[in-house]
Amino acid sequence: MTPQAILFSNIALAALDLGWALFLTLLNYRNAARHAGEVPEELGASVSAEEAVKSSAYSMARMRLSFAANPIGTLIVIAAAATGLFGLLDARVGGLVAAPYWRGALFLGLLLLAQAFLASPFSLYSTFVLERRYGFNTTKFGTWAFDAVKSALISVVLGLPLLYLLYAFIDGMGPLWWLWAAVIFSAINLVLSMIYPLVIAPLFNKFTPLPEGTLRSRIEELARRLEFRVSGIFVMDGSKRSKHSNAYFTGLGAFKRIVLFDTLVSSMSEDELLAVLAHEIGHEKRKHVLKMTAVSIAFSFLSFWALSVLMAWPELYAAFGFASPSKHAMLLILGLVSGPATFFLAPAFAAWSRRHEYQADAFAAAAAGGEALCSALARLNRENAANLWPQKLYSAWYYSHPALRERLAAIRGARLDGASGKQ
Ligand SMILES: [Zn+2]
């Protein structure tokens with residue numbers, strides 16, 4: 001393939017990718033508009049008319065933002081590739097720094113900085129206009145700016161040594177470097193997710209142990225009953241940034257913690273909170289976390305292998321405007337082509353994840369009661385003003401969690417089956 005043909009097919013794929021995303025969002029938008037303010041029949045008891053109006057307006061406002069942000073992002077990348085901007089930047093950086101590792105670090109660092117800079121108007125608009133309009137935002141500008149600085153510093157502190165390690169593998173380990181790199185990088189990834197709750201998460205939020213009381217003792221009792229070991233139960237000051245609420249497990253092995261957003265603790269009943277935690281415990285018990293980790297390790301092997309194959313393709317560098325082959329150029333190119341190349345994986349992963357959600361719901365309904373779980377899910381949906389009317393194709397393609405109506409139907413259906421089985 002000539003460099004022109006490679007560039008053209010990449011642009012065509014990126015345009016198709018964008019076109020499909022816009023088409024699905026348009027379907028979803030029309031569906032939301034058609035049912036604006038309408039309460040789905042099955043949710044009659046748990047959603048008020050007023051909440052349905054807010055959810056439609058909020059969902060549609062978020063979709064309008066993505067109609068603007070997605071095409072702009074894709075157009076910038078396509079324009080930079082087509083005009084040879086990446087190659088020009090590379091040549092400039094090469095004039096400043098000669099050592100390959102530092103040249104690569106500076107080149108990639110500048111691109112990340114440019115990306116953050118270009119994305120910041122959308123992030124500012126989303127946080128301070130859209131989220132504020134619907135009463136969710138509690139982030140102060142200082143927090144937003146400080147978050148950006150901290151994230152950038154973490155990227156530098158973690159990114160520079162990892163990039164150095166990658167260069168060392170490519171240069172020093174022979175043709176099978178990608179295999180060794182995949183092994184070591186997967187191990188580093190595991191260690192990072194283990195220490196994340198102890199080292200990185202506290203840089204952004206305050207974690208306070210859940211005080212003694214009935215909630216704490218009931219959570220401990222639930223964990224004991226389900227034979228689930230955790231190193232602590234913490235409340236996170238999520239209200240510092242937004243009124244959206246959530247609960248999750250973090251860390252691996254002995255560092256595993258339960259984290260409850262303060263917004264969740266203040267709005268949910270104890271029964272509902274226990275049902276949410278039982279759902280999270282269900283993910284562990286059904287080995288979902290283990291399976292996801294295994295798949296992500298398999299993907300890192302695939303990515304390093306792809307990097308090693310693509311590096312030996314000289315036309316590819318020329319296609320994206322680079323005068324000469326280099327590791328940093330290939331890292332950028334891999335990043336650019338991986339989106340369109342993994343296009344069809346998104347719906348497969350979403351479907352897989354939704355299966356896990358149904359299984360965790362069934363586990364939680366059995367462990368903590370189906371009604372408590374249903375009312376917790378309805379409350380979460382309500383408080384996040386989540387779309388009550390997702391379009392079928394859109395949700396099949398993107399939704400990692402089934403829509404509320406489908407989840408409630410599955411939980412209630414399973415319980416009805418169980419009840420009729422007993423008769
Ligand atoms: Zn889940």
Side-chain angles (χ1 to χ4, degrees), residues 43 46 193 196-197 201 218-219 222-223 225-230 233-236 238 242 244-253 255-265 267-296 345-388 390 394-415:
L43 301 181
S46 28
S193 45
Y196 176 85
R218 287 186 69 190
I219 293 176
L222 178 77
R225 181 154 55 85
L226 299 175
E227 294 176 346
F228 183 77
R229 276 189 39 207
V230 283
I233 307 164
F234 292 85
V235 178
M236 189 189 99
S242 123
H244 291 297
S245 53
N246 208 347
Y248 64 93
F249 283 98
T250 174
L252 283 172
F255 300 105
K256 203 157 50 196
R257 300 171 150 198
I258 293 176
V259 175
L260 306 168
F261 280 39
D262 54 356
T263 42
L264 195 75
V265 177
S267 73
M268 274 194 179
S269 73
E270 284 186 6
D271 284 343
E272 289 171 338
L273 269 171
L274 287 171
V276 170
L277 288 176
H279 169 98
E280 298 300 331
I281 293 175
H283 280 308
E284 286 274 330
K285 291 282 166 181
R286 294 296 171 90
K287 308 229 178 324
H288 298 159
V289 181
L290 202 67
K291 287 179 196 166
M292 292 280 190
T293 308
V295 168
S296 89
L345 286 177
F349 270 108
W352 194 43
S353 165
R354 289 194 301 269
R355 231 173 87 96
H356 288 171
E357 293 306 324
Y358 282 127
Q359 291 172 355
D361 278 350
F363 180 93
E371 259 333 293
L373 181 63
C374 287
S375 97
L377 292 176
R379 189 187 293 281
L380 272 177
N381 201 91
R382 190 159 67 226
E383 287 177 359
N384 291 315
N387 192 356
L388 295 168
Y394 181 93
S395 58
W397 197 273
Y398 289 117
Y399 270 32
S400 63
H401 289 61
L404 180 63
R405 296 158 70 185
E406 294 162 5
R407 284 179 87 169
L408 298 193
I411 295 165
R412 293 190 168 129
R415 219 174 50 254

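First listed ligand is number 1; within each ligand, the first listed atom is number 1.
Take the N/O/S atoms of E357: the one nearest the Zn ion (ligand 1) is OE1.
Residue pairs meeting the salt bridge (Lys or Arg N to Asp or Glu O under 4.0 Å) criterion with at least one partner in residues 346-360, sequence neighbours excluded, are E357-R407.
For residue H356, no N/O/S atom approaches the Zn ion (ligand 1) to within less than 2.8 Å. Among the atoms of H279, an N, O or S atom falls under 2.8 Å of the Zn ion (ligand 1).
Classification of the F261-Y248 ring pair by plane angle, with boundaries at 30° and 60°, yields perpendicular.
Residues meeting the ring pair (Phe, Tyr, Trp, His ring centres under 6.0 Å) test with Y394, sequence neighbours left out: Y398.
Contact check for H279 versus D361: side-chain heavy atoms found under the 4.5 Å cut-off.
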